[in-house]
Amino acid sequence: VQLQASGGGLVQAGGSLRLSCTASHSINVMAWYRQAPGKKRELVATITAGGSTNYADSVKGRFTISRDNAKNTMYLQMNSLKPEDTAVYFCSAQAAIAYWGQGTQVTVSS
């Protein structure tokens, strides 16, 4: 499975960004992770092909994960961004093993 992420960038605090991740094959569980400098990679949100979602407490109410199964594409709508959201964001497809896309940088300025 190959994953291609896009949509990162620089935004001011309070702004919004939308990340996209397109997979070469359909996978049931997809997820977004992020890794800030000097910190461990952390789970941001997951979504199943049926649309069930889970979020990290730190992003609940601000981020929305969604997917278009026909396009094998997952999205992460990020609103009310905070400087602490600054990180490299990775998309992942989770099957017997985890597949990872390249990261996309999100920088939130204060």
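These numbers come from a predicted model, not from an experiment. What's counted below: heavy atoms across the whole structure, side chains too, no hydrogens, waters or symmetry copies.
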> For Trp32, which of Val59, Val44, Leu43 qualifies under side-chain contact (heavy atoms from CB on, under 4.5 Å)?
Replying inline: Val44
Report, one line per pair, each donor and acceptor closer than 3.5 Å where one atom sits in a side chain of residues 96-110; sequence neighbours left out.
{"from": "Gln102", "atom 1": "OE1", "to": "Ala5", "atom 2": "N", "distance (Å)": "3.3"}
{"from": "Gln102", "atom 1": "NE2", "to": "Ala5", "atom 2": "O", "distance (Å)": "2.7"}
{"from": "Thr104", "atom 1": "OG1", "to": "Gly8", "atom 2": "N", "distance (Å)": "3.1"}
{"from": "Gln105", "atom 1": "NE2", "to": "Ala87", "atom 2": "O", "distance (Å)": "3.4"}
{"from": "Gln105", "atom 1": "NE2", "to": "Thr107", "atom 2": "OG1", "distance (Å)": "3.3"}

> Do any pairs count as a salt bridge (Lys or Arg N to Asp or Glu O under 4.0 Å) and have a residue in residues 11-20, sequence neighbours left out, and if so which ones?
Replying inline: none
> Quick one: salt bridge (Lys or Arg N to Asp or Glu O under 4.0 Å) pairs with a partner in residues 67-79, sequence neighbours left out?
Replying inline: none
>> Test side chain to side chain contact (heavy atoms under 4.5 Å, CB included) on Met74 and Ile65; report intermediate values, then the result.
In response: CA-CA 7 Å; Met74 171 180 65; Ile65 190 171; 3.9 Å; yes
Could you tell me which non-hydrogen atom of [X] sits nearest to which non-hydrogen atom of [Y], and how far apart they are?
{"X": "Ala49", "Y": "Asn69", "value": "O-ND2, 2.9 Å"}
{"X": "Leu3", "Y": "Ala23", "value": "CD2-CB, 3.4 Å"}
{"X": "Ala93", "Y": "Val1", "value": "CB-CG1, 4.3 Å"}

>> The criterion is side-chain hydrogen bond (donor to acceptor under 3.5 Å, both in side chains); which residues satisfy it with Thr73, sequence neighbours excluded?
In response: Thr22
> With Arg62, which residues qualify under side-chain hydrogen bond (donor to acceptor under 3.5 Å, both in side chains), at least two apart?
Replying inline: Asp85
Check: residues 76-83 side-chain donor-acceptor pairs under 3.5 Å, at least two apart:
{"from": "Gln77", "atom 1": "NE2", "to": "Asn79", "atom 2": "OD1", "distance (Å)": "2.9"}
{"from": "Asn79", "atom 1": "OD1", "to": "Ser16", "atom 2": "OG", "distance (Å)": "2.9"}

>> For residues Leu19 and Ile47: do they belong to one hydrophobic cluster (side chain heavy atoms under 4.5 Å, members Ile, Leu, Val, Met, Phe, Trp, Tyr)?
In response: yes
>> Let me check something: do Tyr75 and Phe90 share a hydrophobic cluster, defined by ILVMFWY side-chain heavy atoms less than 4.5 Å apart, either directly or through other members?
In response: no
Can you list the residues that meet the side chain to side chain contact (heavy atoms under 4.5 Å, CB included) rule with [X], with sequence neighbours excluded?
{"X": "Lys60", "value": "Tyr55, Asp57"}
{"X": "Asn54", "value": "Thr46"}
{"X": "Ser58", "value": "Arg34, Ala56"}

> Just wondering, do Glu42 and Tyr33 contact through their side chains at under 4.5 Å, heavy atoms?
Replying inline: no
> Can you name the salt bridge (charged side-chain N to carboxylate O under 4.0 Å, His left out) partners of Arg41, sequence neighbours left out?
Replying inline: none
>> Filter on disulfide bond (SG atoms under 2.5 Å apart), then keep only pairs touching residues 39-86, sequence neighbours left out; what's left?
In response: none
> Taking only residues at least two apart or on different chains, which pairs with a member in residues 67-107 satisfy disulfide bond (SG atoms under 2.5 Å apart)?
Replying inline: Cys21-Cys91
